[in-house]
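Order of the sequence lines sets the chain letters (A, B, ...), proteins ahead of strands, with each chain counted from 1.
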Amino acid sequence: MDQYRLGFPVKVVGAPLKANDARRWQSNPHLSVSLAYLRDIFLYLHTNAIQFYRVAAQLAPYVTHPTMPQFHNQLDESANELQATGQLARQLGLRLTSHPTHYIQLSSPDEGTVAASCADLAITAAIFERMGLDHDAVIVVHVGGVYGDPVSGCERFARQFETLLPAVRARLVLENDDHRYSFEDVLWIHERTGVPLVLDTLHLRCLNPSRRTQLDALTTALGTWPPDRRPKIHFSSPRTSPRVVERSGKEQWQAPLPHQHSDFLDPFAVIDLLRDAQAADLRPFDIMLEAKAKDLALLRLREQIKQFAPELAALVG
DNA sequence: CGATGTCAAGGAATC
DNA sequence: GATTCCTTGACATCG
């Protein structure tokens, strides 16, 4: 198996493929439709030799909506499709992951918010379960809101983690963010709970109060994963191009925010990271590439690695 | 068909 | 306590 598998999230831009059934409730959207879309995406991934992919956060529309019970049974209604879609994923050797929306707030002091978050996570875990995916099909979350006191936020997250369903706990992994909970914060939660950590390299550059080096953070993050599970990281490059906005009929250029993703990736930043990982003899891991050009960014990066770091090309999948 | 408003959901900043 | 932004794409509606 490749030492570093490259992946991309959700939306395919290199082909006219949908990632989920995103119709409004009035049109009766359904998980089985999302799964049909997903199978087409899997074939596209296979065609391009991509084996790592983040599925849409909302495969089963409105499935946990509190006032729309007609949507609550979608997993049972799609039991056969779930099984078949999972079988295809396994046949093609795909590693699938999920990154639920920011509405997932396990650090919230509000019981209802936490309960809704847990319900959502349980559905995602059940979808992966019914697809027959192993525990490398992880669910990535952030710590959540700060509510005035980040220490209490971390404590609430850690306490909540212990009460999660085993099926959720077996897949949940935690990512450092760019303005609230730093890598140190998620490391503290890992030490309390054992939850594996997803290092987001751009977030580390935005928020790194302890001035940890990227290689040190990478080494530490990989070490939070048990030996029988394959770690993953998030990688992106900061946007540098201006955003053109319309202000009272006139075009204005706006500077991008540092945490915004660029369309494509800085190939040399990736190459430096991989060379560092090689030199330090770190274990294999997968890299989720967060770039606006999605699959096109991945394919371009692959070519650039061949061009600028041919010694790495055979290690990158 | 193209333009425009809207979407389930939370949090934080602002007033 | 209420309002708006965050941020993103694509659906849905309207002209």
### Query
Got a sec, which residues hit salt bridge (charged side-chain N to carboxylate O under 4.0 Å, His left out) with A:E129, two or more places apart in sequence or on another chain?
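Scan of A:E129 (salt bridge (charged side-chain N to carboxylate O under 4.0 Å, His left out), adjacent residues dropped) gives A:R171.
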
### Query
Hey, are the side chains of A:M288 and A:P9 touching, using non-hydrogen atoms and a 4.5 Å cut-off?
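When only atoms from C-beta onward are counted, A:P9 and A:M288 do touch, with a gap below 4.5 Å.
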
### Query
Do A:H46 and A:Q91 have side chains that get closer than 4.5 Å, going by heavy atoms?
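When only atoms from C-beta onward are counted, A:Q91 and A:H46 do not touch, as no gap falls below 4.5 Å.
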
Considering only [options], which nucleotide approaches the side chain of [X] most closely?
{"X": "A:T113", "options": "C:dC11, C:dT8, B:dG10", "answer": "B:dG10"}
{"X": "A:Q105", "options": "B:dA8, C:dA12, B:dG10", "answer": "B:dG10"}
{"X": "A:V146", "options": "B:dA8, C:dT8, B:dA12", "answer": "B:dA12"}

### Query
Taking A:E290 as the fixed residue, which of A:L265, A:T201, A:D200 is the one that meets the side-chain contact (heavy atoms from CB on, under 4.5 Å) rule?
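With A:E290 as partner, A:L265, A:T201, A:D200 yield a single side-chain contact (heavy atoms from CB on, under 4.5 Å), made by A:D200.
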
N/O to N/O distances under 3.5 Å, protein versus nucleotides 3-5 of chain C:
none

#### Entry: By side-chain contact (heavy atoms from CB on, under 4.5 Å) - contacts of A:P150 (at least two apart)
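Checked A:P150 against side-chain contact (heavy atoms from CB on, under 4.5 Å); matches are A:V146, A:Y181.
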
### Task
Please identify each residue that fulfils side-chain contact (heavy atoms from CB on, under 4.5 Å) with A:A293, with sequence neighbours left out.
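Here the qualifying residues are A:F264, A:L296, A:A297.
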
Just how far, in rounded Å, is [atom2] of [N] from [atom1] of [X]?
{"X": "A:R23", "N": "C:dG9", "atom1": "CZ", "atom2": "P", "answer": "21 Å"}
{"X": "A:R180", "N": "C:dC6", "atom1": "CZ", "atom2": "C1'", "answer": "9 Å"}
{"X": "A:Y103", "N": "B:dC7", "atom1": "OH", "atom2": "C1'", "answer": "8 Å"}
{"X": "A:H142", "N": "C:dC6", "atom1": "NE2", "atom2": "P", "answer": "18 Å"}
{"X": "A:Y62", "N": "B:dC7", "atom1": "OH", "atom2": "C1'", "answer": "7 Å"}
{"X": "A:N28", "N": "C:dC11", "atom1": "CG", "atom2": "P", "answer": "16 Å"}
{"X": "A:R54", "N": "C:dT8", "atom1": "CZ", "atom2": "C1'", "answer": "14 Å"}
{"X": "A:Q26", "N": "C:dC11", "atom1": "CD", "atom2": "P", "answer": "14 Å"}

### Message
Please list, in numerical order, the residues of residues 8-22 of chain A that have a heavy atom closer than 4.0 Å to any atom of DNA chain B.
### Response
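Going residue by residue through residues 8-22 of chain A, none turns out to have a heavy atom under 4.0 Å of DNA chain B.
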
Could I get a table of every N or O pair under 3.5 Å where one atom is in the protein and the other is in nucleotides 1-6 of chain B?
from, atom 1, to, atom 2, distance (Å)
B:dT6, O2, A:R24, NH2, 3.1

Roughly how many Å apart are [M] and [N], using the [atom1] atom of each and rounding to a whole number?
{"N": "B:dA3", "M": "C:dT7", "atom1": "P", "value": "26 Å"}
{"N": "C:dT8", "M": "B:dC1", "atom1": "P", "value": "29 Å"}
{"N": "C:dA12", "M": "B:dA8", "atom1": "P", "value": "10 Å"}

### Task
Share the residues that join A:Y37 in a hydrophobic cluster, the rule being Ile, Leu, Val, Met, Phe, Trp or Tyr side chains under 4.5 Å apart at the heavy-atom level.
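Members besides A:Y37, by chain and number: A:V33.
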
#### Entry: Sequence neighbours excluded - salt bridge (charged side-chain N to carboxylate O under 4.0 Å, His left out) pairs with any residue from residues 86-108 of chain A
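The answer is A:R95-A:D286.
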
### Query
Do A:V10 and A:L59 sit in the same hydrophobic cluster, where Ile, Leu, Val, Met, Phe, Trp and Tyr count as joined when their side-chain heavy atoms come under 4.5 Å apart?
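Different clusters.
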
For [X] and [Y], which I'm curious about, is there any donor-acceptor pair between the side chains at under 3.5 Å?
{"X": "A:E184", "Y": "A:S210", "value": "yes"}
{"X": "A:T213", "Y": "A:D216", "value": "no"}
{"X": "A:S78", "Y": "A:R130", "value": "no"}

When the side chains of residues 304-317 of chain A are checked against the rest of the protein, which donor-acceptor pairs come out under 3.5 Å, sequence neighbours left out?
from, atom 1, to, atom 2, distance (Å)
A:K306, NZ, A:E303, OE2, 3.3
A:E311, OE2, A:R275, NE, 2.8
A:E311, OE2, A:R275, NH2, 3.1

### Task
Tell me what A:S117 touches on the nucleic acid: a base, only sugar-phosphate, or nothing, going by heavy atoms under 4.0 Å.
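No contact.
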
### Message
What contact category does A:D110 fall into here, base, sugar-phosphate, or nothing, at under 4.0 angstrom with non-hydrogen atoms?
### Response
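Result for A:D110 = nothing.
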
### Query
In Å and rounded to the nearest 0.5 Å, what is the CG to CG distance from A:N176 to A:L207?
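Interatomic distance, A:N176 CG to A:L207 CG, rounded to 0.5 Å: 8.0 Å.
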
#### Entry: Dot-bracket encoding of pairs in DNA chain C, which uses [ ] for pseudoknotted crossings and | for another strand, Watson-Crick or G-U under 3.5 angstrom
||||||..|||||||

Tabulate protein N/O versus nucleotide N/O from nucleotides 13-15 of chain B, keeping only pairs under 3.5 Å, one per line.
none

### Query
What ring-ring contact (aromatic ring centres under 6.0 Å, His included) pairs are there with at least one residue in residues 77-110 of chain A, not counting sequence neighbours?
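Residue pairs with at least one partner in residues 77-110 of chain A: A:H99-A:H142, A:H99-A:H234.
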
### Main-chain N/O of A:F157 paired to A:S107 side chain as donor or acceptor, under 3.5 Å
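No, because the side chain of A:S107 does not come within donor-acceptor range (under 3.5 Å) of the backbone of A:F157.
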
### Query
Would a distance-only check, ignoring hydrogens and angles, find a side-chain to backbone donor-acceptor pair under 3.5 Å from A:D136 to A:R229?
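Here the side-chain-to-backbone pair does not exist.
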
### Query
Is any side-chain nitrogen or oxygen of A:T67 closer than 4.0 Å to OP1 or OP2 of B:dA8?
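For A:T67, the contact criterion (side-chain N or O under 4.0 Å from OP1 or OP2 of B:dA8) is not met.
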
